[in-house]
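Counting starts at 1 for both ligands and their atoms, following the listed order.
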Amino acid sequence: SRKEAAQRTMKLHPMWQQPIAVPGGHCQSPIDIVVRKSVFDSALKPLATDYDPETCQQIWNNGYSFLVEYDDSADKSTLKGGPLQDQFRLCQFHFHWGESNAWGSEHTVDRRLFPAELHLVHWNSDKYSLFEEAVSGDNGLAVIGVFLKVGKRHEGLQKLVDALPAIRHKGSVVEFTRFDPACLLPSNTEDYWTYHGSLTTPPLTESVTWIVMKQHIEVSHDQLAVFRSLLFTSAEEEVQKSMVNNFRVQQPLCGRTVRSSFT
Ligand SMILES: CCCSc1c(F)c(F)c(S(=O)(=O)NC)c(F)c1F
Ligand SMILES: [Zn+2]
């Protein structure tokens with residue numbers, strides 16, 4: 001019921017330390033993807049990403065995660081295809097991770113947890129003129145989720161890992177250029193699940209077409225350890241808190257259908 005949904009969302013979450021009142025949303029994220037309940041849709045196309053590394057601008061610690069931000073003032077780094085009818089512009093990507101390799105992802109597949117999850121955030125530039133408008137608009141955002149597994153070192157990720165010590169504290173930002181986010185996508189961009197959901201951090205708006213890739217990418221234990229060396233807190237705060245477990249608790253499906261692009 002709406003009351004139960006509101007109560008579920010009102011409980012304290014380690015990451016936000018205060019109750020978050022969300023209008024009893026019925027399309028909240030993240031969720032557990034139950035593979036046998038997903039519905040194959042043959043109309044779902046492969047993802048068509050066209051990212052320009054020259055639009056990469058900066059990397060910063062926003063106190064929830066670290067964001068790599070792109071210049072989205074023109075259609076230079078775009079996402080089309082997949083479940084999408086419109087063209088979407090890449091505005092940033094970030095990650096969610098745990099304090100241990102046993103958990104950290106926001107979505108799960110048949111309850112399987114991954115140590116981390118990458119989110120590439122895009123907004124609908126056919127319908128809106130600014131990210132800020134699209135965040136709370138209908139069909140406003142498209143987020144690609146990619147699971148991370150601990151294994152071999154990810155060569156493309158290392159440039160980003162090397163920049164993290166410079167943004168240890170909340171609010172710090174450094175220039176970060178010429179990074180091609182396509183290197184973080186799995187080789188198979190045909191197989192994914194898609195459903196209608198929300199941001200997993202405030203404002204939790206239900207404007208997101210989620211595209212969760214079936215194939216994960218591999219990063220090394222040491223690369224993930226550098227993620228955990230970041231801090232939730234700013235340099236001025238007395239008590240420093242490690243930036244770990246920055247994922248939201250899973251939300252009820254409320255009758256939504258998760259579609260798959262593969263059988
Ligand atoms: C107004 C939000 C600032 S940008 C942002 C973000 F920082 C973030 F963390 C997530 S998320 O919900 O955590 N992951 C999909 C988003 F969706 C975002 F759009
Ligand atoms: Zn995210």
> Quick one: does ligand 1 sit under 4.0 Å from the side chain of T201, the backbone, both or neither, non-hydrogen atoms only?
Replying inline: both
> So which heavy atom in the protein is nearest atom 2 (C) of ligand 1, and how far is it from that ligand atom?
Replying inline: L199 CD2, 4.0 Å
> Which heavy atom of K241 sits nearest a heavy atom of T233, and at what distance?
Replying inline: N-OG1, 3.1 Å
>> Show the atoms of ligand 1 that are less than 4.0 angstrom away from any heavy atom in V121.
In response: 19 (F)
> Which protein non-hydrogen atom lies closest to atom 1 (C) of ligand 1, naming both residue and atom, and how far is it?
Replying inline: P203 CD, 4.0 Å
> Using heavy atoms and a threshold below 4.0 Å, how should the contact between R248 and ligand 1 be classified: side chain, backbone, both, or neither?
Replying inline: neither
>> Please confirm whether H96 approaches ligand 1 to less than 4.0 Å, judged on its heavy atoms.
In response: yes
>> I'd like the atom name of the N/O/S atom in H119 lying closest to the Zn ion (ligand 2).
In response: ND1
> If you check every N/O/S atom of H94, which is the one nearest the Zn ion (ligand 2)?
Replying inline: NE2
> Would you say the ring centroid of F66 lies under 6.0 angstrom from that of F227?
Replying inline: yes
>> Regarding ligand 1, does E106 bring an N or O atom to under 3.5 Å of one of the ligand's N or O atoms?
In response: no
> What protein heavy atom is closest to atom 18 (C) of ligand 1, reported as residue, atom name and distance in Å?
Replying inline: Q92 NE2, 3.6 Å
> Which one of N139, T49, D75 satisfies the side chain to side chain contact (heavy atoms under 4.5 Å, CB included) criterion with F88?
Replying inline: N139
> Is it true that H119 and W210 have ring centroids separated by less than 6.0 Å?
Replying inline: yes
>> Just to check, does W210 reach to within less than 4.0 Å of ligand 1 when the distance is taken from its heavy atoms?
In response: yes
> Of the listed options (V208, N62, T200), which comes nearest to atom 12 (O) of ligand 1 when hydrogens are ignored and any heavy atom counts?
Replying inline: T200
>> I need the contact type for F131 against ligand 1. Using non-hydrogen atoms and a strict under-4.0 Å cut-off, is it side chain, backbone, both or neither?
In response: side chain
>> Can you confirm whether or not the ring centre of H107 sits under 6.0 Å from the ring centre of Y195?
In response: yes
> Out of D86, V121, L84, which one pairs with L79 under the side chain to side chain contact (heavy atoms under 4.5 Å, CB included) rule?
Replying inline: L84
> Are any of the side-chain heavy atoms of L120 and P181 separated by less than 4.5 Å?
Replying inline: yes
> Of I211, V212, V146, which meets side chain to side chain contact (heavy atoms under 4.5 Å, CB included) against Y192?
Replying inline: I211
> Does the N or O separation between H119 and ligand 1 drop below 3.5 Å for any pair?
Replying inline: yes
> Are F93 and F179 close enough, and set up right, to give a ring-ring contact (aromatic ring centres under 6.0 Å, His included), and what steps lead you there?
Replying inline: CA-CA 11 Å; F93 69 81; F179 185 83; 5.7 Å; yes
